[in-house]
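Since the structure comes first, as structure tokens, the remarks are kept for the end.
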Amino acid sequence: GRFMTFAAVSVSLAGILSSCSSKNQVAMEPEEKPDQWVEKFTITETRSGLPVWVLNAGTAQVFNKKKKVLLDDIEIQFMDPSKGKKNLSKDALETAKRIQTKNALLSAPKGEVETDTHDLTAWGGVQIRSQDGTELFTEKLSFSAARQKIYSDSPVRIVRGDSIVIGEGLESSPDLEDVKIFHHKA
């Protein structure tokens, strides 16, 4: 199963995880006020008790009715999902968490997470650095929690060793192992 745990300084966010399946996407009104304002915000998504990704943000504005959290100063650590085993004992689970590998680190100045789907959009100069040193640079990208893929319609630049690939639009695994660029430029 998948779980989402919110850890925040002195704020209970239990109310934002309702399971309504509405897909209406309504733009936030500039004058709308958040239900909660959180500093040092962390979300950990797990499968079978092991982290799949860990999102840290400097600040978060929680909008309960919109099922959205607006984020500033984002870092997401994508973990290696292949190490996830089912039905681990408590001790085995703690050991697995300690030895779990980080596959990639995403950083961005701004972002938004949908609390019902756990999908994420980051913008304002997004960078991903994978464990092997490959780097992706783009203005905006999205992460689908259900598909465990990142997407972008923006111009992208991927640097892998001495190789630089430039294009527009991509689909990739978060660790940048399986990258498809839609329109190559160079």
Side-chain angles (χ1 to χ4, degrees), residues 1-8 11 13-29 32 34-38 41-82 84 102-130 136-156 168-182:
R2 290 178 29 180
F3 302 96
M4 191 163 184
T5 304
F6 286 78
V11 176
L13 299 177
I16 67 174
L17 290 175
S18 68
S19 59
C20 180
S21 63
S22 172
K23 292 293 179 188
N24 295 339
Q25 298 213 353
V26 180
M28 302 259 182
E29 297 296 325
E32 185 177 1
D35 295 292
Q36 289 104 17
W37 187 285
V38 184
F41 182 77
T42 299
I43 301 171
T44 300
E45 175 146 311
T46 63
R47 286 218 175 102
S48 302
L50 290 174
V52 177
W53 52 262
V54 179
L55 178 150
N56 291 295
T59 60
Q61 297 175 57
V62 180
F63 296 86
N64 292 334
K65 289 179 187 164
K66 305 267 189 212
K67 296 181 176 53
K68 294 194 186 293
V69 181
L70 293 179
L71 307 163
D72 289 312
D73 301 321
I74 306 164
E75 279 196 356
I76 302 173
Q77 294 177 354
F78 292 100
M79 311 305 274
D80 184 354
S82 66
K102 296 176 181 95
N103 275 348
L105 178 67
L106 177 149
S107 57
K110 299 276 186 193
E112 175 181 278
V113 66
E114 296 182 28
T115 59
D116 55 349
T117 64
H118 311 165
D119 290 347
L120 171 95
T121 302
W123 64 88
V126 183
Q127 178 180 354
I128 297 179
R129 182 177 178 86
S130 71
L136 164 69
F137 302 91
T138 188
E139 184 57 28
K140 182 178 179 181
L141 67 74
S142 298
F143 171 73
S144 167
R147 297 192 62 215
Q148 294 294 300
K149 295 276 186 183
I150 58 173
Y151 302 91
S152 180
D153 293 329
S154 300
V156 296
E168 191 162 327
L170 92 139
E171 175 182 319
S172 177
S173 56
D175 61 8
L176 306 177
E177 292 276 325
D178 179 29
V179 178
K180 294 179 186 128
I181 295 182
F182 301 130

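Residues passing the salt bridge (Lys or Arg N to Asp or Glu O under 4.0 Å) test with D35: none are found, sequence neighbours excluded. Contacts of E75 classified as side-chain contact (heavy atoms from CB on, under 4.5 Å), with partners at least two apart in sequence or in another chain: L105, S107. Shown here are the salt bridge (Lys or Arg N to Asp or Glu O under 4.0 Å) partners of E168, two or more places apart in sequence or in another chain: K185.
Shortest non-hydrogen contact noted between E112 and W123 is N-CZ3, 3.8 Å. Nearest heavy-atom pair, P109 versus G124, reported as atom, atom and distance to 0.1 Å: CG-O, 3.1 Å. Of all the heavy atoms in V52 and T46, the pair that sits closest is CG2-C, 3.9 Å.
Remark: of the listed residues L120, L55, V62, V62 is the sole one forming a side-chain contact (heavy atoms from CB on, under 4.5 Å) with V69. With L176 as the fixed residue, the side-chain contact (heavy atoms from CB on, under 4.5 Å) test singles out one of S172, S173, P174: S172.
More than 12 heavy atoms of other residues, nucleotides or ligands shown are found within 6.0 angstrom of NZ on K149.
Atoms OG1 and OH, from T138 and Y151 in turn, are 15.0 Å apart once rounded to the nearest 0.5 Å. Annotation: the span from E171 atom CD to S144 atom OG amounts to 9.5 Å, rounded to 0.5 Å. Of the inter-residue distances, the one linking Q61 atom CD with D72 atom CG reads 6.5 Å to the nearest 0.5 angstrom. Interatomic distance, F63 CZ to L70 CG, rounded to the nearest 0.5 Å: 5.0 Å. Within the model, atoms NZ of K68 and OG1 of T121 stand 7.5 Å from one another, a figure rounded to the nearest 0.5 Å. Atom CG of residue L106 and atom CZ of residue R129 lie 13.5 Å apart, to the nearest 0.5 angstrom.
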Practice item. Take L136 and L141 through the test side chain to side chain contact (heavy atoms under 4.5 Å, CB included) and record every step on the way to the result. Key: CA-CA 11 Å; L136 164 69; L141 67 74; 4.0 Å; yes
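Counting heavy atoms from C-beta outward, V156 and V179 have side chains that stay 4.5 Å or more apart. At least one side-chain heavy atom of N64 sits less than 4.5 Å from a side-chain heavy atom of Q36. Side-chain contact between T59 and W37 is present, with at least one heavy-atom pair separated by less than 4.5 Å.
Using cut-offs of 30° and 60° for the angle between ring planes, the F143 and W53 rings count as perpendicular.
Without hydrogens or angle criteria, D119 side chain to A145 main chain gives a donor-acceptor distance under 3.5 Å.
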